[in-house]
Amino acid sequence: MRRGVAFVALLSFLMIGGYAQGGINQGLVTIHITPKADVRAKVVSLWVPYPVSDSHQKIEDLDIQGNYSSANFRNESDSGTLYLYAEWRGEFERREITLAFRATVKERSAGTLVDRGEPVPTEVTRYLEGNRWVPTDKEVESLTKKITKEKEGILSKTAAVYNWVVENTYRDPDVKGCGLGMADQMLVKRGGKCADISSLFVALARASGVPAREVFGLRLGTKAEEDMTKGHHCWAEFYLPGQGWIPVDPADVRKLMLVKNLDLQKAGPHRNYYFGKVEENRIILERGSRGITLEPPQASGPINYFMYPFAEVDGKPLDYRDPNTFSYQIRYEKI
């Protein structure tokens, strides 16, 4: 049995806000998922984060095909992240589902940054709190005091933290996927992938009194057609009162330094760019939530972060950081 769902009514909900034209990347994204499970598995559950439109990304023309038993959209309670929940009940020779949508994305640029000394809004203060993944305990606080010594104001402190992270971490290509995003481990190892480096930035920023959060997303292709299965990426944002959330990406600075064999001096242009801007090849899936419980609740417990598709086979999770053993494929076709 094959099902096709238009979700026309949902699309009006996804089209949030206007969309400004500029340098853009536009293409068709196709996510094909075939959860690896025994034919006799009783229940296979799948949760897939889905991007929503904002002033920098427009998501439209959603189409869903597959042989699932049921599927519907839900929202994660903490961050409001939209996701598809699909389920297969009973025996299937092959379980599959395909999500296709058109994405139009522009560069996210904060423009000229100005610290007006305004207070942090009450609704943003939650992003000053530490947790298991981004601790703000004595060790982190002590380091932050050294990093931001003699710095006043959110912008000045954030720049000091950003520069310290760029100068004192490195990209470790042996880390699986985007990493675990455990800031305390990064303080010791200093090497990791994008989630590790971004979470360290967030922890240090929060400990210095700067609201900050991780951003979990997916890089679009840059060629006419491209496999972007391994294109998931994590960066960060800090809150500057009067201007809002500002993107930063120290992890991509370190990645470019590794890939292009750059020292800190030669990486200067990239370092400057990624403090306040990220390019038009990425869509946002989720912001700021860690230790996530979805609906229905996962039998295996909370998810570290919600960026990859997540699936359970009779209550046991598949490895979402390894698309081959999961398995899923994400394709991009430029329009």
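The figures here come from the full heavy-atom set of this structure, side chains too, leaving out hydrogens, waters and symmetry mates.
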Heavy-atom closest pair, residues V29 and A103: CG2-CB, 4.5 Å
Pair Y85 + Y68: ring centers closer than 6.0 Å: no
Charged N-O contact under 4.0 Å between R89 and E87: yes
Side-chain donor/acceptor of Y332 to backbone N/O of A224, under 3.5 Å: no
Ring-ring centroid check Y50 F101, cutoff 6.0 Å: yes
Audit row: F73, L62, side-chain contact (heavy atoms from CB on, under 4.5 Å) steps and yes/no: CA-CA 12 Å; F73 276 91; L62 169 65; 3.7 Å; yes
Closest heavy-atom pair and its distance - T122, T125: O-OG1, 2.7 Å
Pair S327-T34, side-chain donor/acceptor within less than 3.5 Å: yes
Candidate pair I64 and T98, rule side-chain contact (heavy atoms from CB on, under 4.5 Å), full reasoning: CA-CA 6 Å; I64 300 176; T98 301; over 6 Å; no
Parallel, tilted or perpendicular: ring planes of H233 versus W235, cut at 30 and 60 degrees: parallel
Donor-acceptor under 3.5 Å (N25 side chain, V105 main chain): no
Under 3.5 Å: donor-acceptor pair, side chain of R102, backbone of K58: no
D249/R282 ion pair, N-O < 4.0 Å: yes
Check: E295/Y83 side-chain N/O donor and acceptor closer than 3.5 Å: no
CD (E118) with more than 12 external heavy atoms under 6.0 Å: yes
Carboxylate-amine/guanidinium contact R126 E123, below 4.0 Å: no
Minimum heavy-atom distance between S208 and V161, given as atom pair plus value: OG-CG2, 4.3 Å
Test item: S142 side-chain N/O and E139 main-chain N/O as donor-acceptor pair under 3.5 Å: no
Parallel, tilted or perpendicular, as decided by the 30° and 60° cut-offs, for the rings of Y320 and Y305: perpendicular
N/O donor-acceptor pair under 3.5 Å between E226 side chain and K223 backbone: yes
Check: D115 and L113 side chains under 4.5 Å, non-hydrogen atoms: no
No-hydrogen, no-angle side-chain donor-acceptor test under 3.5 Å, W88 and N67: yes
Donor on one side chain, acceptor on other, N304 and R290, under 3.5 Å: yes
Closest contact, heavy atoms only, I292 versus F306: CD1-CB, 3.5 Å
H32 and Y328 aromatic centres sub-6.0 Å: no
Residues M228, R219; criterion side-chain contact (heavy atoms from CB on, under 4.5 Å); working and verdict: CA-CA 7 Å; M228 43 187 269; R219 296 184 197 269; over 6 Å; no
Close side-chain approach of F201 to V134, heavy-atom, < 4.5 Å: no
CZ on R287 to SG on C234, rounded to 0.5 Å: 12.0 Å
R321 side chain reached by C178 side chain, heavy atoms, under 4.5 Å: no
Distance in Å, D322 CG paired with Y308 OH, rounded so as to fall on 0.5 Å steps: 10.0 Å
Side-chain donor-acceptor contact under 3.5 Å, N131 with E129: no
Close aromatic pair by centroid cut-off 6.0 Å: Y127 and W245: yes
Q26 versus T104, side-chain donor and acceptor atoms under 3.5 Å: yes
Cation-pi, Y170 ring and R254 (6.0 angstrom, 45 degrees): no
D78 versus S289, side-chain donor and acceptor atoms under 3.5 Å: yes
Validation row: I303, Q298 side chains within 4.5 angstrom (heavy atoms): yes
Min side-chain heavy-atom separation D38-V313 under 4.5 Å: no
V44 side chain near D314 side chain, heavy-atom distance below 4.5 Å: no
Donor-acceptor pair between K266 and N261 side chains, under 3.5 angstrom: no
Same cluster (ILVMFWY, side-chain, under 4.5 Å), V215 and V202: yes
K36 side chain to N324 backbone, donor-acceptor under 3.5 Å: yes
Point-to-point distance, once rounded to the nearest 0.5 Å, from CG of D61 to CG of L28: 8.5 Å
Atom NZ of K176 with >12 non-hydrogen neighbours under 6.0 angstrom: yes
Non-hydrogen side-chain atoms of I330 and H232 separated by less than 4.5 Å: yes
Chi angles and distances behind the salt bridge (charged side-chain N to carboxylate O under 4.0 Å, His left out) call for E150, K157: CA-CA 9 Å; E150 299 181 357; K157 289 181 178 180; over 6 Å; no
Donor-acceptor pair, side chain of N75 and main chain of G80, under 3.5 angstrom: yes
D196 side chain to G181 backbone, donor-acceptor under 3.5 Å: yes
Value rounded to 0.5 Å, distance of CG in L220 from CD in E333: 13.0 Å
Distance in Å, L294 CG paired with R74 CZ, rounded so as to fall on 0.5 Å steps: 9.5 Å
R213 with E237: basic N within carboxylate O range, under 4.0 Å: yes
Donor-acceptor pair, side chain of S198 and main chain of A195, under 3.5 angstrom: no
Positive for side-chain contact (heavy atoms from CB on, under 4.5 Å) with M186, one of L204, V165, L180, I197: I197
Any side-chain heavy-atom pair of L258 and P173 under 4.5 Å: yes
Presence of salt bridge, E280 and K106, under 4.0 angstrom: no
Main-chain N/O of H56 paired to R108 side chain as donor or acceptor, under 3.5 Å: no
Worked check of side-chain contact (heavy atoms from CB on, under 4.5 Å) between L200 and T169: CA-CA 9 Å; L200 178 59; T169 64; 3.8 Å; yes
Crowding at NZ, K334 (>12 non-hydrogen neighbours, <6.0 Å): yes
Distance in Å, L256 CG paired with R171 CZ, rounded so as to fall on 0.5 Å steps: 9.5 Å
Polar contact flag, side-chain donor to acceptor under 3.5 angstrom, E141-T144: no
Residues E312 and S300: side-chain donor-acceptor under 3.5 angstrom: yes
Any side-chain donor near an acceptor of the partner, S199 and E214, under 3.5 Å: yes
